[in-house]
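The sequence lines fix the lettering, A, B, ..., with proteins before strands; numbering per chain opens at 1.
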Protein chains: 2
Amino acid sequence: MLLAPGSTPRIRITRQRQIILDELCSVTSHPTADDLYQMVRRKLPRISLGTVYRNLETMAELGMIQKLEVGGTQKRFDGNAATHYHVRCQRCGRVDDLDLGLIAGVEKEAAAKTRFAILRHRLEFTGLCPECQKKL
Amino acid sequence: MLLAPGSTPRIRITRQRQIILDELCSVTSHPTADDLYQMVRRKLPRISLGTVYRNLETMAELGMIQKLEVGGTQKRFDGNAATHYHVRCQRCGRVDDLDLGLIAGVEKEAAAKTRFAILRHRLEFTGLCPECQKKL
DNA sequence: ATAAAAATAGTAATCGTTATCAAAAAAGAG
DNA sequence: CTCTTTTTTGATAACGATTACTATTTTTAT
Ligand SMILES: [Mn+2]
Ligand SMILES: [Mn+2]
Ligand SMILES: [Zn+2]
Ligand SMILES: [Zn+2]
């Protein structure tokens, strides 16, 4: 039987999807899709890289996780879906969370200066991580 | 900007480099490498895409221009090398400058919360441009 | 003018990501 | 349960932005 018009198709909880989410939420690093692939393969050795990409994309669209478009060649993922800020090491690419409160009213300020409708903001710091400071 | 002969023994003044820089500085949009390639080809029809990429990279490393790692698949370039903020339309990808003063002391605040050495920061707003607001 | 260094055009290679698709799994109705 | 429909998967191909390569040309220094 067909679904009733207007009904929302359910998102199925597959073993693959659950483990990808579990692995992502178990770390505070901000792994790339390939990082996650390596992590998940320890529990599901037959999973394909495409499945990892597909599910990360789906979960990001549903707002369960965040896709981070920080610098570098690869995108990173964040199990914390709430807005928060990051620091990225310009030498090794490490990305850490920053325990800095959200800048109050900054979206309202921005909205007053543009005709764009502001939906969200992203603040990212660039610098050198402790390890890379030693090496330079 | 004018390339000064003799001031930097490493970088040479080529017609290609000067025109790429001129074209980038002549617009307030934030063109991709391919956008610039199309613009520059009107004046140098024989230039190669690789030359555009190579020179944008070089000039960004020298701090003459900015390479913007905003969302989307392609990187964008900015003839304004000074720190300033951007809004990006999440529907069409348009990137505008935001005439918003730099957030005072935010790098200092961040530095107090991390062991990273903070070098710079980037603030980007996401939203919908006027045209895309109409269409949705 | 000569030689050394750097940059170019043209092209191939790389690599992160998406798309495709037959097969498998999950959900629903009876 | 069985039968049917929808979603997801694994495998692989395709894509597209960027980078690498290289013989030749251009620029700069002597
Ligand atoms: Mn985070
Ligand atoms: Mn700008
Ligand atoms: Zn580092
Ligand atoms: Zn738009």
Quick one: label B/Asp34 by what it contacts on the DNA or RNA (base, sugar-phosphate, nothing), any heavy atom closer than 4.0 Å. nothing
Kindly write out the residues that satisfy side chain to side chain contact (heavy atoms under 4.5 Å, CB included) with A/Ser48, not counting sequence neighbours, or none if the list is empty. A/Thr51
Would you say C/dT8 has OP1 or OP2 under 4.0 Å from some side-chain N or O of B/Ser48? no
List in numerical order all residues of residues 70-80 of chain A for which some heavy atom is under 4.0 Å away from an atom belonging to DNA chain C. A/Thr73, A/Gln74, A/Lys75
Looking only at side-chain atoms of B/Arg46, point me to the closest of C/dG10, D/dA11, C/dT17. C/dG10
Residues that, via side-chain heavy atoms closer than 4.5 angstrom, fall in one hydrophobic cluster with A/Val95: A/Leu68, A/Val70
Under the ring-ring contact (aromatic ring centres under 6.0 Å, His included) test, which residues partner A/Tyr53, sequence neighbours left out? none
State which residues pass side chain to side chain donor-acceptor pair (under 3.5 Å) with A/Glu57; sequence neighbours excluded, sorted by chain then number. A/Lys67
Hits for side chain to side chain donor-acceptor pair (under 3.5 Å) against A/Glu23, two or more places apart or cross-chain, chain-then-number order -> A/Lys43
Pairs in or reaching into residues 70-92 of chain A: which pass ring-ring contact (aromatic ring centres under 6.0 Å, His included), with residues at least two apart or in two chains? A/His30-A/His86, A/His84-A/His86, A/Tyr85-A/His121
One character per nucleotide, please: for nucleotides 21-26 of chain C, 5' to 3', B when the base has a protein heavy atom closer than 4.0 Å, S when only the sugar-phosphate does, - otherwise. ----BB
Quick one: A/Leu56 CG to C/dT18 P, roughly how many Å, whole number? 10 Å
When the axes are fitted on five pairs at both termini, how much does the helix from C/dA1-D/dT30 to C/dG30-D/dC1 curve, in 10° steps? 40°
Atom OH of A/Tyr53 to atom C1' of C/dC15: distance rounded to whole Å? 9 Å
List the atom pairs, with distances to 0.1 Å, where a side-chain N or O of residues 127-136 of chain A and a protein N or O form a donor-acceptor pair under 3.5 Å, not counting sequence neighbours.
unit_1	atom_1	unit_2	atom_2	d
A/Glu131	OE1	A/Arg94	NH1	2.8
A/Gln133	NE2	A/Leu128	O	3.0
A/Gln133	NE2	B/Arg115	O	3.0

Any residue meeting side chain to side chain donor-acceptor pair (under 3.5 Å) with A/Asp99, in chain and number order, not counting sequence neighbours: none
Phosphate OP1/OP2 of D/dT26 contacted by B/Gln16 side-chain N/O (<4.0 Å): no
More than 12 heavy atoms from other groups under 6.0 Å of CD1 on A/Ile13: no
Which atom pair, heavy atoms only, marks the closest approach of A/Pro31 to A/Ser29? CD-O, 3.3 Å
Please list, chain by chain and in numerical order, all residues satisfying side chain to side chain donor-acceptor pair (under 3.5 Å) with A/Gln16, sequence neighbours excluded. none
